[in-house]
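The structure under discussion appears below in the form of structure tokens.
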There are 2 protein chains.
Amino acid sequence: MKRKQVMAHTSLLVLALLSAEDMYGYQMIAALSGKLDSTFAMKEGTLYPILHALENDGSVTSYEKEAAAGKPRKYYHLTMKGKLQLREEQSQWRAYQRAVDAVVSSAVLA
Amino acid sequence: MKRKQVMAHTSLLVLALLSAEDMYGYQMIAALSGKLDSTFAMKEGTLYPILHALENDGSVTSYEKEAAAGKPRKYYHLTMKGKLQLREEQSQWRAYQRAVDAVVSSAVLA
DNA sequence: TATCATACCTCGAAATTCTATGTATGTCAA
DNA sequence: TTGACATACATAGAATTTCGAGGTATGATA
């Protein structure tokens with residue numbers, strides 16, 4: 001059983017989402033499943049460990065907030081350090097994208 | 001020690017290179033290091049196992065050819081199956097790229 | 001003859017993502 | 001009232017991928 005399409009650049013996606021507004025995990029998954037192609041998605045088992053790691057190195061902070069119904073939500077907030085991190089990863093993504101694209105678009109499709 | 005930038009979509013890059021002409025491993029590394037940003041590169045420990053895997057599933061075939069000097073080179077040739085594989089991975093890459101870009105470009109850089 | 005560049009290869013570590021499962025809360029229908 | 005469902009968070013272990021480090025071999029060149 002081979003993986004079809006792998007989620008990557010996950011922390012970049014999370015940081016990008018949080019740059020607009022504070023969000024909680026489950027909400028991010030829903031937001032991404034709307035924007036990402038159906039062939040790949042951010043899974044819970046991928047997201048939560050990433051959030052914890054980002055909090056651990058100070059890129060985000062978190063706080064609990066009661067919801068109208070259900071379990072309380074854990075919101076994440078982008079810190080100054082996180083914003084710098086976002087810019088860094090964003091520029092790396094652009095470089096990567098350009099480089100791969102240069103090779104791929106020069107492919108000869110006979 | 002954290003990885004800075006990870007090589008991904010490696011088989012796509014290899015297939016794309018081989019679509020233009022038969023190449024040998026060491027040559028592909030040189031070709032990619034020219035096109036890819038200096039922050040990431042195709043490493044030998046990554047490439048050779050990929051070439052063997054591609055040959056194993058019939059996407060490429062190989063043949064030896066003497067060089068003017070040094071060890072004989074092992075050239076790889078893209079098969080029909082490999083061309084189909086290339087198209088498949090190429091379209092997946094485009095979808096992935098668009099999706100990530102949609103999220104990243106909507107980021108708010110305060 | 002030693003060093004360097006070319007050229008291939010592989011092992012095991014490290015990193016990353018996915019699968020599967022578990023916990024908890026509240027709603028709603030049967 | 002209970003069972004199913006949606007929300008919401010979490011983690012352990014498997015699978016996959018890439019990388020670092022080393023090894024082998026050939027010939028040129030200093």
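In what follows, chains are A, B, ... by sequence order, proteins preceding strands, each numbered from 1.
Listed by chain and residue number, Pro72(B) satisfy the side chain to side chain contact (heavy atoms under 4.5 Å, CB included) test with Glu66(B) (two or more places apart in sequence, or in another chain). In this view, Thr79(B) satisfies the side-chain hydrogen bond (donor to acceptor under 3.5 Å, both in side chains) rule with no residue, not counting sequence neighbours. Residues meeting the side chain to side chain contact (heavy atoms under 4.5 Å, CB included) test with Lys35(B), sequence neighbours left out: Val103(A), Ser106(A). Take Glu88(A) and apply the side-chain hydrogen bond (donor to acceptor under 3.5 Å, both in side chains) test, not counting sequence neighbours, and it matches Gln92(A). Ala107(A) is linked by a side chain to side chain contact (heavy atoms under 4.5 Å, CB included) to Ala16(B), Ser19(B), Leu86(B), Gln90(B), counting only residues two or more places apart in sequence or in another chain. Taking the side-chain hydrogen bond (donor to acceptor under 3.5 Å, both in side chains) definition, one finds that Glu44(B) meets it with nothing, sequence neighbours left out.
When rounded to the nearest whole Å, the span between CE of Met42(B) and P of dA7(C) equals 17 Å. Here dC18(C) presents its P atom at 5 Å from NZ of Lys43(A), a figure rounded to the nearest Å. As rounded to whole Å, 14 Å separates atom P of dC9(C) from atom OH of Tyr24(B). Spacing between atom CG of Leu32(A) and atom C1' of dT17(C) amounts to 15 Å, rounded to whole angstrom units. Following rounding to the nearest Å, Leu51(B) (CG) and dC8(C) (P) show an atom-to-atom distance of 9 Å. Rounding to whole angstrom units, OH of residue Tyr26(B) and P of dA5(C) are separated by 9 Å. Taking atom NE2 of residue His9(A) and atom P of nucleotide dT16(C), one finds them 11 Å apart after rounding to whole Å. For the pair Leu47(B) CG and dC11(C) P, the computed distance is 17 Å after rounding to whole Å.
With axes fitted over five pairs at each extremity, the angle between the ends of the helix from dT1(C)-dA30(D) to dA30(C)-dT1(D) is 10° (10° resolution).
Comparing dT11(D), dA7(C), dT17(C) by their nearest atom to the side chain of Thr46(A) picks out dT17(C). Among the nucleotides dT10(C), dT18(D), dT17(C), the one closest to any side-chain atom of His52(B) is dT10(C). Looking at the side chain of Arg73(B), the nearest of the listed nucleotides dT11(D), dC8(C), dT18(D) is dC8(C). Listed candidates were dA8(D), dA7(C), dT18(D). Nearest to the side chain of Ile50(B) is dT18(D).
One finds a side-chain N or O of Lys74(B) lying less than 4.0 angstrom from the OP1 or OP2 phosphate oxygen of dC9(C).
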side-chain hydrogen bond (donor to acceptor under 3.5 Å, both in side chains) between Glu55(B) and Ser62(B), intermediate numbers included: CA-CA 7 Å; Glu55(B) 182 164 25; Ser62(B) 71; 2.8 Å; yes

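The two atoms that bring Leu18(A) and Leu78(A) nearest to each other are O-CB, 3.9 Å, heavy atoms only.
The distance from atom CZ of Arg94(B) to atom CZ of Arg98(B), rounded to the nearest 0.5 Å, is 8.0 Å. Here CZ of Arg73(A) is found 12.0 Å from CD of Glu64(A). Values are rounded to the nearest 0.5 Å.
Relative ring orientation between Tyr96(A) and Trp93(B) is described as perpendicular, the plane-to-plane angle rising above 60° on a 0-90° scale split at 30° and 60°.
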Could you pull out the protein-nucleic contacts involving nucleotides 2-4 of chain C (nitrogen or oxygen on both sides, under 3.5 Å)?
none

Please list, pair by pair, any protein nitrogen or oxygen found under 3.5 Å from a nitrogen or oxygen in nucleotides 20-28 of chain C.
none

With a 3.5 Å cut-off and sequence neighbours excluded, list the donor-acceptor pairs that the side chains of residues 25-34 of chain B form with protein atoms.
unit_1: Gln27(B); atom_1: OE1; unit_2: Tyr24(B); atom_2: N; d: 3.2
unit_1: Ser33(B); atom_1: OG; unit_2: Ala30(B); atom_2: O; d: 3.1

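Sorted by first then second residue, the ring-ring contact (aromatic ring centres under 6.0 Å, His included) pairs that include residues 45-69 of chain A, not counting sequence neighbours, are Tyr63(A)-Tyr75(A).
Within a heavy-atom distance below 4.0 Å of DNA chain C, no residue of residues 58-66 of chain B is found.
A heavy-atom distance below 4.5 Å is not found between the side chains of Met23(B) and Val14(B).
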